[in-house]
Student: 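The structure follows.
Side-chain atoms are counted along with the backbone in the values below, which use heavy atoms only and exclude waters and symmetry mates.
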Amino acid sequence: MEKIRCGWCEKDDLYRKYHDEEWGRPVYDDETIFEFLILESFQAGLSWYTILSKRENFRKAFDHFDYKKVAAYSDKKIEELMNNPGIIRNRLKILSAVTNAQKFIEVQKEFGSFSNYIWGFIGGKSMDNNPEKLSDVPATTEISDLISKQLKKRGFKFVGSTVIYAHMQATGMVNDHIKECFTRKK
């Protein structure tokens, strides 16, 4: 029997694998949360598919998303990234990755982990919107608005409400799999 999935992921196997194995699954480790923060910030204005197809290139270019290393990137490393054809070569987004890594570490020091901070906005438990169809899935919510505003106050960049809501979906803070999606039956 054919698996029923959320319609957005039926483009190809890369998308299906991401949907089936990652999207909407709660993530509490800072390393993965940081990875998605970087990837989602690079997505701003682009398609998620573009970012997902370059994910391995991003992983290599950004030292496997080691936020301590990213926070200490030099001008030389930034120029190296600007010349890397395997990633999105947008200087503002590259610089924001460095800034966000630095701010990420500040939040960790204050809250014990970034996970404690970000999940604290929703009480530590995933929210389930239980949408009937894709058109029921919002691009932003009051909570993504709030998180975005708070992150910006802390100096984070490229963290608008849409980016934050996508991050919430990617890290399972919210489950937006449609009701008929096979992942709900697991």
Side-chain angles (χ1 to χ4, degrees), residues 17-44 48 51-52 54-74 77-78 81 87-88 92-130 137-177 183-184 186:
K17 182 175 175 22
Y18 171 69
H19 167 274
D20 294 357
E21 298 175 10
E22 293 184 87
W23 194 70
R25 304 280 190 293
V27 172
Y28 294 96
D29 67 279
D30 277 2
E31 292 74 18
T32 306
I33 290 171
F34 181 73
E35 174 180 354
F36 279 113
L37 186 63
I38 294 297
L39 294 174
E40 296 293 351
S41 68
F42 269 91
Q43 182 200 351
W48 180 240
I51 302 304
L52 196 58
K54 294 176 179 282
R55 187 178 189 181
E56 286 308 312
N57 297 336
F58 273 102
R59 185 171 279 133
K60 289 175 190 161
F62 283 89
D63 292 292
H64 299 275
F65 302 107
D66 181 331
Y67 48 85
K68 292 175 186 164
K69 287 183 180 178
V70 175
Y73 278 178
S74 65
K77 177 64 176 184
I78 290 166
L81 292 168
I87 65 168
I88 305 302
L92 291 177
K93 290 180 179 181
I94 291 169
L95 291 171
S96 78
V98 177
T99 298
N100 290 351
Q102 293 164 350
K103 301 304 175 186
F104 192 90
I105 292 167
E106 289 175 14
V107 169
Q108 282 182 318
K109 288 177 182 171
E110 185 176 342
F111 291 87
S113 72
F114 191 84
S115 179
N116 289 341
Y117 172 72
I118 198 93
W119 280 90
F121 284 97
I122 58 169
K125 294 187 179 178
S126 186
M127 300 180 309
D128 193 342
N129 288 332
N130 214 9
V137 177
T140 64
T141 62
E142 287 181 19
I143 293 172
S144 67
D145 292 347
L146 174 64
I147 295 171
S148 170
K149 184 177 177 183
Q150 293 302 313
L151 289 173
K152 287 176 182 179
K153 271 187 182 177
R154 291 178 174 276
F156 285 79
K157 306 290 183 200
F158 283 93
V159 289
S161 188
T162 303
V163 166
I164 294 304
Y165 193 73
H167 185 266
M168 292 172 69
Q169 291 172 312
T171 59
M173 290 177 70
V174 64
N175 181 354
D176 275 337
H177 287 281
T183 62
R184 290 192 168 276
K186 283 188 171 183

Student: Working to the nearest 0.5 angstrom, can you tell me the gap between Tyr73 OH and Ile78 CD1?
Tutor: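 Tyr73 OH to Ile78 CD1: 9.5 Å, rounded to 0.5 Å.
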Student: I need the Ile143 CD1 to Ser148 OG distance, nearest 0.5 Å.
Tutor: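 OG of Ser148 is found 13.5 Å from CD1 of Ile143.
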Student: Classify the side-chain pair Gln150/Tyr117 by whether it contains a donor and acceptor separated by less than 3.5 Å.
Tutor: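 Short answer, no.
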Student: Between Thr141 and Met127, is there a side-chain heavy-atom distance shorter than 4.5 Å?
Tutor: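 They are not in side-chain contact.
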Student: Are the side chain of Thr99 and the backbone of Ser96 linked by a donor-acceptor contact shorter than 3.5 Å?
Tutor: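 No; zero donor-acceptor contacts below 3.5 Å.
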Student: Provide the closest heavy-atom pair for Ile87 versus Leu81 in the form atom of the first, atom of the second, distance.
Tutor: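 For Ile87 and Leu81, the tightest heavy-atom pair comes out as CD1-O, 3.6 Å.
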Student: Would you confirm whether Asp63, through its side chain, and Asp66, through its main-chain N or O, come within 3.5 Å as a donor-acceptor pair?
Tutor: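 Pair absent, no side-chain N/O of Asp63 close to backbone of Asp66.
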Student: Taking atom NZ as the centre, does Lys54 end up with more than 12 heavy-atom neighbours from other residues, nucleotides or ligands that are less than 6.0 angstrom away?
Tutor: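 Enclosed.
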Student: Of all heavy-atom pairs between Ser161 and Ser144, which one has the smallest distance, and what is that distance?
Tutor: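 Scanning both residues completely, I find the closest heavy atoms to be OG-OG, 2.7 Å.
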Student: What distance do Lys109 atom NZ and Ile105 atom CD1 have between them, rounded to the nearest 0.5 Å?
Tutor: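 So the gap between those two atoms works out to 6.5 Å.
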Student: Over all heavy atoms of both residues, which pair between Val159 and Asn100 is shortest? Give the atoms and the distance, please.
Tutor: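 Residues Val159 and Asn100, closest heavy atoms: CG1-ND2, 4.4 Å.
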Student: Do Val137 and Gln169 make a side-chain contact, defined as non-hydrogen atoms from C-beta onward lying under 4.5 Å apart?
Tutor: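 With C-beta onward as the side chain, the pair touches.
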Student: Distance check, rounded to the nearest 0.5 Å: Ile38 atom CD1 versus Ile94 atom CD1?
Tutor: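 Going from CD1 on Ile38 over to CD1 on Ile94, the span is 10.5 Å.
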Student: Is there a side-chain contact between His64 and Glu31 (heavy atoms, below 4.5 Å)?
Tutor: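 His64 vs Glu31: side chains apart.
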Student: First locate atom CD of Glu40, then atom OG1 of Thr171, and finally report the distance between them rounded to the nearest 0.5 Å.
Tutor: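 So the gap between those two atoms works out to 8.5 Å.
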Student: Mind checking whether Lys149 and Asp145 have side chains closer than 4.5 Å, heavy atoms only?
Tutor: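 The answer is no, as the side chains (C-beta and beyond) never meet within the 4.5 Å cut-off.
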Student: Strictly distance-based, threshold 3.5 Å: is any side-chain N or O of Trp119 a donor or acceptor partner for the main-chain N or O of Val27?
Tutor: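 Yes.
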Student: Enter the distance from Thr140:OG1 to Ile147:CD1 here, rounded to the nearest 0.5 Å.
Tutor: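 Between atom OG1 of Thr140 and atom CD1 of Ile147 there are 12.0 Å.
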Student: Do Ser113 and Tyr28 have side chains that approach each other closer than 4.5 Å (heavy atoms only, starting at C-beta)?
Tutor: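 Of all side-chain heavy-atom pairs linking Tyr28 with Ser113, none is under 4.5 Å.
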Student: For the ring pair (Phe, Tyr, Trp, His ring centres under 6.0 Å) test, which of Phe62, Trp48, Phe36 pairs with Phe42?
Tutor: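 Going through the options one by one, the only one that passes is Phe62.
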Student: Please examine the side chains of Leu37 and Phe156, heavy atoms only from C-beta on, and report whether any two atoms are closer than 4.5 Å.
Tutor: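 Result yes, sub-4.5 Å side-chain heavy-atom pair found.
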Student: Phe65 and Phe34: aromatic ring centres closer than 6.0 Å?
Tutor: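 No - the distance between ring centres of Phe65 and Phe34 does not fall below the 6.0 Å cut-off.
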Student: Could you walk me through whether Glu110 and Arg154 pass the side chain to side chain contact (heavy atoms under 4.5 Å, CB included) check?
Tutor: CA-CA 12 Å; Glu110 185 176 342; Arg154 291 178 174 276; 2.9 Å; yes
Student: Between the side chain of Gln108 and the main-chain N/O of Phe114, is any donor-acceptor distance below 3.5 Å?
Tutor: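 Not confirmed, Gln108 side chain does not pair with Phe114 backbone.
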Student: Could you check whether any side-chain heavy atom of Leu146 comes within less than 4.5 Å of a side-chain heavy atom of Glu142, counting everything from C-beta outward?
Tutor: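 Contact flag for Leu146/Glu142 side chains = no.
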Student: Can any side-chain N or O of Asn175 pair as donor or acceptor with the backbone N or O of Asn130 at less than 3.5 Å?
Tutor: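 No, because the side chain of Asn175 does not come within donor-acceptor range (under 3.5 Å) of the backbone of Asn130.
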Student: If only atom types and distance count, is the side chain of Lys93 paired as donor or acceptor with the main-chain N or O of Ala44 below 3.5 Å?
Tutor: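 Yes, Lys93 side chain to Ala44 backbone: donor-acceptor pair under 3.5 Å.
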Student: Grab the two heavy atoms, one from Glu21 and one from Lys17, that are nearest each other, plus how far apart they are.
Tutor: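 Nearest heavy atoms, Glu21 then Lys17: OE1-NZ, 2.6 Å.
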Student: Just wondering, do Arg184 and Asp128 contact through their side chains at under 4.5 Å, heavy atoms?
Tutor: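 They are in side-chain contact.
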Student: Heavy atoms only: give me the nearest Asn116-Phe111 pair and the separation to one decimal.
Tutor: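 It is ND2-O, 3.0 Å.
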Student: Working note: Asp176 + Trp23, criterion side chain to side chain contact (heavy atoms under 4.5 Å, CB included); need CA distance, chi angles, decisive distance, verdict.
Tutor: CA-CA 9 Å; Asp176 275 337; Trp23 194 70; 3.7 Å; yes
Student: Between Lys103 and Glu106, is there a side-chain N and carboxylate O pair less than 4.0 Å apart?
Tutor: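 The answer is yes: the pair qualifies as a salt bridge.
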Student: Can you check whether Ser41's main-chain N or O pairs, donor with acceptor, with His167's side chain at less than 3.5 Å?
Tutor: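 Side chain of His167 to backbone of Ser41: no pair is present.
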Student: State whether the side chain of Thr183 and the backbone N or O of Asp20 hold a donor-acceptor pair below 3.5 Å, judged by distance alone.
Tutor: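 Absent.
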